[in-house]
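Quick caveat, the model's predicted, so the values are computed rather than measured.
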Amino acid sequence: MTGTDVQKEAEDSGPSGYAAARLRLLTEEARSGPPRRAALAELTDDWLTGLFAAGAEGLRGASLVAVGGYGRGELSPRSDLDLLLLHDGSDTKAVAALADRLWYPVWDLGLDLDHSVRTPAEARKTAGEDLKVQLGLLDARHIAGDLGLTASLRTAVLADWRNQAPKRLPELQELCAERAERQGELQYLLEPDLKEARGGLRDATALRAVAASWLADAPREGLTDARRRLLDVRDALHLATGRATDRLALQEQDQVAAELGLLDADTLLRQVYEAARLVSYASDVTWREVGRVLKSRAVRPRLRAMLGGGKPTAERSPLAEGVVEQDGEVVLARAARPERDPVLPLRAAAAAAQAGLPLSLHAVRRLAATVRPLPTPWPAEAREQLVTLLGSGRPTIEVWEALEAEGLITRLLPDWERVRCRPQRNAVHLWTVDRHLIETAVRASEFTRRVSRPDLLLVAALLHDIGKGWPGDHSVAGEIIAKDVAARIGFDRHDVAVVATLVRHHLTLIDTATRRDLEDPATVRSVAEAVGSQGTLELLHALTEADALATGPAAWSSWRGSLVADLVERVSAVLAGDVPDDPEEAAPTAEQERLALEAAATGSPVLALRAQTEPPVGQEPSGDPEPLGVELLIAVPDQPGVLPAVAGVLAMHRLTVRTAELRSLHLPDGVDGSVLLLDWRVAAEYGSLPQAARLRSDLVRALDGSLDIAGRLAERDAAYPRRRGVVAPAARVSVHPAASRLATVIEVRSQDAPGLLFRIGRALEDASVQVRSAHVSTLGANAVDAFYVTGPEGAPLPGDEAASVARKLEETLRG
């Protein structure tokens with residue numbers, strides 16, 4: 001059936017015909033995107049025209065007007081209809097009757113309707129009071145009735161908008177900023193609002209409004225395509241969900257991708273992010289231009305008076321060779337020749353970032369259009385300018401985005417294309433891969449005084465996740481790419497090797513510090529072998545912190561910092577050859593020894609709770625001390641079942657375990673027995689911490705079997721209904737045979753949950769293995785726990801037995 005046939009069916013059959021024609025149009029596979037939106041608007045126009053004609057017989061001075069998205073002819077499947085019934089005020093009774101004849105059929109079909117009935121004077125007055133109304137009227141389009149009435153309103157509204165632009169545009173900018181603060185950045189969100197988030201459809205509409213003011217204009221290249229892409233995704237979202245929603249939820253992304261014929265949800269998100277990034281960049285440029293024009297208008301009369309009416313000359317301040325500042329932006333000098341100076345883009349970018357100024361749109365576009373490629377390897381100046389740009393701190397981000405918007409980044413670094421706008425489906429990460437890399441460089445710029453080679457630190461920060469987007473382990477793939485990039489930008493062979501090592505091992509310190517036994521010499525030795533030198537260790541320490549800080553608040557804390565600093569100190573000692581004869585015999589603190597002796601003397605558990613505020617090892621205190629959490633120290637005579645007993649008691653008291661270590665403590669000569677020491681950091685889920693005496697009492701009962709922890713936890717779980725949410729990946733349990741020569745290391749990766757550590761501890765006890773030490777860490781909603789276990793005789797488990805224990809533990813956690 002053709003579009004004309006669909007319209008004819010709607011005209012001939014009234015509301016039911018319109019509904020059938022609308023449904024047929026929305027289900028036609030051959031028609032989608034702008035043609036379908038335009039056809040739906042046209043179909044709706046014809047139906048409403050018929051309703052208007054039937055209800056307006058004999059009525060003069062009235063018209064039906066589409067405003068907002070409908071006015072632009074952009075009707076998505078579940079879009080509401082924005083309608084204005086315009087009249088000259090001569091027959092209000094007849095207009096009211098006509099309104100009923102129009103609105104009720106729309107409601108009867110279940111369509112959302114945003115409607116108003118106004119005279120032209122009322123419409124202009126309301127627009128003057130309500131910016132959102134005025135924005136909708138800027139897209140007013142005549143549907144039926146008195147065309148002259150509609151045309152005169154359009155002319156008046158546009159004139160009002162242009163006359164009031166100096167006042168209304170700052171108001172519109174503030175409205176956009178408030179919305180961005182509420183909704184976040186569309187180009188980074190895993191479940192973005194396509195309309196309200198920054199870089200979404202509302203911002204695209206705001207750019208149209210700015211252009212209509214004639215005060216400033218947005219960069220137009222690609223903007224229409226970006227808007228179309230966002231509208232296409234919203235159409236598919238409406239069809240997939242059957243709802244008028246703008247939020248692209250995780251559970252609907254695969255279906256929306258299939259509706260659009262895309263490979264998968266990641267491809268969908270990447271296209272959304274690319275469109276949003278273009279809209280966001282256009283918004284930044286446009287609002288900067290609005291501010292410049294308004295400032296110029298305010299200053300010009302005073303300057304003219306001072307200069308006797310002459311035209312003022314824009315002041316240009318040199319920043320670097322071929323680069324100057326003008327009107328608060330960085331532009332190219334008049335004598336600059338980009339076609340002869342391939343380093344100019346990096347020099348201009350570095351100068352802009354150092355000065356904390358934006359690169360002008362005209363300058364970036366001229367560079368993109370005329371500059372020649374850099375030779376391979378890069379000249380020293382180009383490499384130095386890149387390092388300067390990366391080391392400029394927060395201003396680097398805006399300058400980098402300007403270069404990327406015009407394709408200059410991928411021309412400088414072709415491997416960047418694979419990470420550009422690439423989503424990270426991990427709630428811990430705040431950014432896409434490319435923005436995370438820039439954010440890491442910004443964070444690393446704060447640590448350049450801590451390292452002897454800040455240039456290598458900054459380049460490694462830029463490249464550390466460059467392997468994402470390639471198959472396999474991104475650290476392994478990234479090492480290969482980093483070697484190529486570092487050589488291409490002109491580093492010598494030694495520096496290339498250091499950058500590659502930093503990329504390959506950028507997760508080694510944080511993973512080892514939080515998941516391995518640092519008292520085991522094999523642990524520290526393996527890190528020392530991977531790092532190779534004191535200089536590389538120093539760089540890796542700074543990169544680790546920068547990477548974690550750039551990931552998000554769940555990835556770094558003072559506690560994690562102290563664990564990494566402790567590991568770095570141990571590795572540094574190995575690299576320096578300063579290793580104790582028996583590294584495992586770490587002397588206990590005075591408090592630990594006191595608790596252990598008391599536990600040995602009494603034959604029962606002893607514990608202490610204290611808030612910890614010391615800075616991490618190797619860091620000086622600054623300002624008020626930061627609380628690292630509540631440290632729980634427990635000394636227990638060595639016996640079976642300690643780990644599940646302690647974990648279960650903590651779970652009963654609603655204490656969340658953030659980190660945990662368990663190890664056997666050797667007692668002084670003359671003291672019989674063996675004591676287990678547990679050094680854990682905990683936090684209360686609700687309210688305040690329980691009293692230490694109560695915890696000890698319950699622990700005594702748990703160890704002697706008189707406290708049914710499993711039953712108590714099961715009763716509590718049953719009392720709370722399960723909430724729906726994103727289904728977490730299944731738990732994974734793996735064996736790391738080379739991680740220690742003294743024990744078998746079993747690593748558990750799982751969704752964190754109350755009682756998880758209790759279940760793991762009980763499963764290990766049931767497997768008849770001894771937990772020599774445990775290292776628990778929580779990252780957001782994920783738990784990564786490592787357990788050093790031995791057989792009854794104290795030796796590592798045979799390979800097949802270790803695999804069997806891991807398999808049974810995994811079955812327990814998945815059950």
Side-chain angles (χ1 to χ4, degrees), residues 185 187-188 198 273 277 280-281 283-285 288 319-320 323 325 328-331 343-361 363-364 367-368 374 378 381-413 415-416 419-422 429-451 453-466 482 485-486 489 499 502-503 506 539 542-543 545-552:
E185 298 247 10
Q187 61 178 311
Y188 304 125
R198 182 173 183 268
Y273 292 163
R277 183 167 296 184
S280 293
Y281 176 65
S283 297
D284 289 341
V285 172
R288 196 162 66 235
L319 293 175
V323 184
E325 175 191 352
E329 291 184 326
V330 172
V331 302
V343 181
L344 186 55
L346 285 169
R347 191 185 308 122
Q354 285 282 294
L357 295 172
L359 269 174
S360 88
L361 176 64
V364 180
L367 289 168
L374 282 164
W378 289 8
E381 188 202 354
R383 186 175 67 256
E384 290 163 5
Q385 296 294 353
L386 174 65
V387 170
T388 301
L389 170 62
L390 296 176
S392 299
R394 195 58 51 185
T396 299
I397 296 172
E398 184 179 358
V399 174
W400 190 275
E401 288 175 348
L403 296 177
E404 193 166 33
E406 299 302 326
L408 282 166
I409 294 299
T410 49
R411 284 161 62 178
L412 291 167
L413 303 170
D415 297 288
W416 195 259
V419 296
R420 188 176 59 82
C421 293
R422 180 168 292 278
H429 274 278
L430 295 179
W431 313 108
T432 51
V433 177
D434 56 343
R435 174 59 191 275
H436 169 70
L437 293 175
I438 297 303
E439 193 74 22
T440 304
V442 169
R443 294 289 190 168
S445 69
E446 302 169 13
F447 305 144
T448 52
R449 302 298 179 266
R450 281 173 35 182
V451 298
R453 287 296 302 273
D455 56 337
L456 299 183
L457 170 63
L458 292 168
V459 171
L462 180 70
L463 299 177
H464 75 279
D465 275 348
I466 198 71
V485 174
I489 66 178
V499 170
L502 293 174
V503 172
H506 70 273
L539 289 167
L543 176 60
E545 185 171 351
D547 181 19
L549 289 170
T551 297

Side-chain donor/acceptor of Ser392 to backbone N/O of Thr388, under 3.5 Å: yes
Distance-minimising heavy-atom pair for Ala363 and Val331: CB-CA, 4.1 Å
For Glu325, what residues pass the salt bridge (charged side-chain N to carboxylate O under 4.0 Å, His left out) criterion, not counting sequence neighbours? none
Set of side-chain hydrogen bond (donor to acceptor under 3.5 Å, both in side chains) partners for Trp416, sequence neighbours left out: Glu404
Taking atom CD of Glu446 and atom CD of Glu545, what is their separation to the nearest 0.5 Å? 8.5 Å
For a salt bridge (Lys or Arg N to Asp or Glu O under 4.0 Å) check, start with the C-alpha distance between Glu185 and Arg435, then their side-chain angles and the critical distance, and finish with the verdict. CA-CA 12 Å; Glu185 298 247 10; Arg435 174 59 191 275; 5.6 Å; no
Quick one: side-chain hydrogen bond (donor to acceptor under 3.5 Å, both in side chains) partners of Arg453, sequence neighbours excluded? Asp455, Asp495
Any side-chain heavy-atom pair from Leu437 and Leu463 closer than 4.5 angstrom? no
So do Val485 and Ile466 actually touch side chain to side chain, heavy atoms under 4.5 Å? no
Testing the basics here: between Pro345 and Leu367, what is the closest heavy-atom pair and its distance to 0.1 Å? CA-CD1, 3.9 Å
Walk me through it: do Arg422 and Asp465 pass the test salt bridge (Lys or Arg N to Asp or Glu O under 4.0 Å)? CA-CA 11 Å; Arg422 180 168 292 278; Asp465 275 348; over 6 Å; no
Leu374/Leu346 under side-chain contact (heavy atoms from CB on, under 4.5 Å): CA gap, chis, key distance, verdict: CA-CA 10 Å; Leu374 282 164; Leu346 285 169; 4.1 Å; yes
How would you list, by chain and number, every residue that makes a salt bridge (charged side-chain N to carboxylate O under 4.0 Å, His left out) with Arg288, sequence neighbours excluded? Glu329, Glu398
With sequence neighbours left out, write down each residue that passes side-chain hydrogen bond (donor to acceptor under 3.5 Å, both in side chains) with Ser360, or none if nothing qualifies. none
Leu462 side chain near Ile438 side chain, heavy-atom distance below 4.5 Å: yes
Heavy-atom nearest pair, Leu390 first then Ser445, reads O-CB, 4.1 Å
State, with a plain yes or no, whether a side-chain heavy atom of Leu549 is found less than 4.5 Å away from one of Phe447. yes
What closest approach, in Å, do Leu408 and Ala368 show between heavy atoms, and which atom pair accounts for it? CD2-CA, 3.9 Å
Of all the heavy-atom pairs spanning Ala349 and Leu403, show the shortest one and how long it is. CB-CD1, 3.7 Å
Between CG of Asp547 and NE2 of His464, what distance do you get to the nearest 0.5 Å? 3.5 Å
Kindly give the heavy-atom pair with the smallest separation between Ala353 and Pro395, and that separation in Å. O-CB, 3.5 Å
Can you tell whether the side chains of Arg277 and Glu401 come within less than 4.0 Å, N to carboxylate O? no
Could you walk me through whether Leu386 and Ile489 pass side-chain contact (heavy atoms from CB on, under 4.5 Å), step by step? CA-CA 9 Å; Leu386 174 65; Ile489 66 178; 4.2 Å; yes
Sequence-distant partners of Arg383, side-chain hydrogen bond (donor to acceptor under 3.5 Å, both in side chains), two or more places apart: none
Mind running side-chain contact (heavy atoms from CB on, under 4.5 Å) on Glu406 and Leu361 for me, showing each step along the way? CA-CA 9 Å; Glu406 299 302 326; Leu361 176 64; 3.9 Å; yes
d(Arg450 CZ, Leu539 CG) to nearest 0.5 Å is 10.5 Å
Side-chain donor or acceptor of Thr432 paired with backbone N/O of Tyr188 under 3.5 Å: no
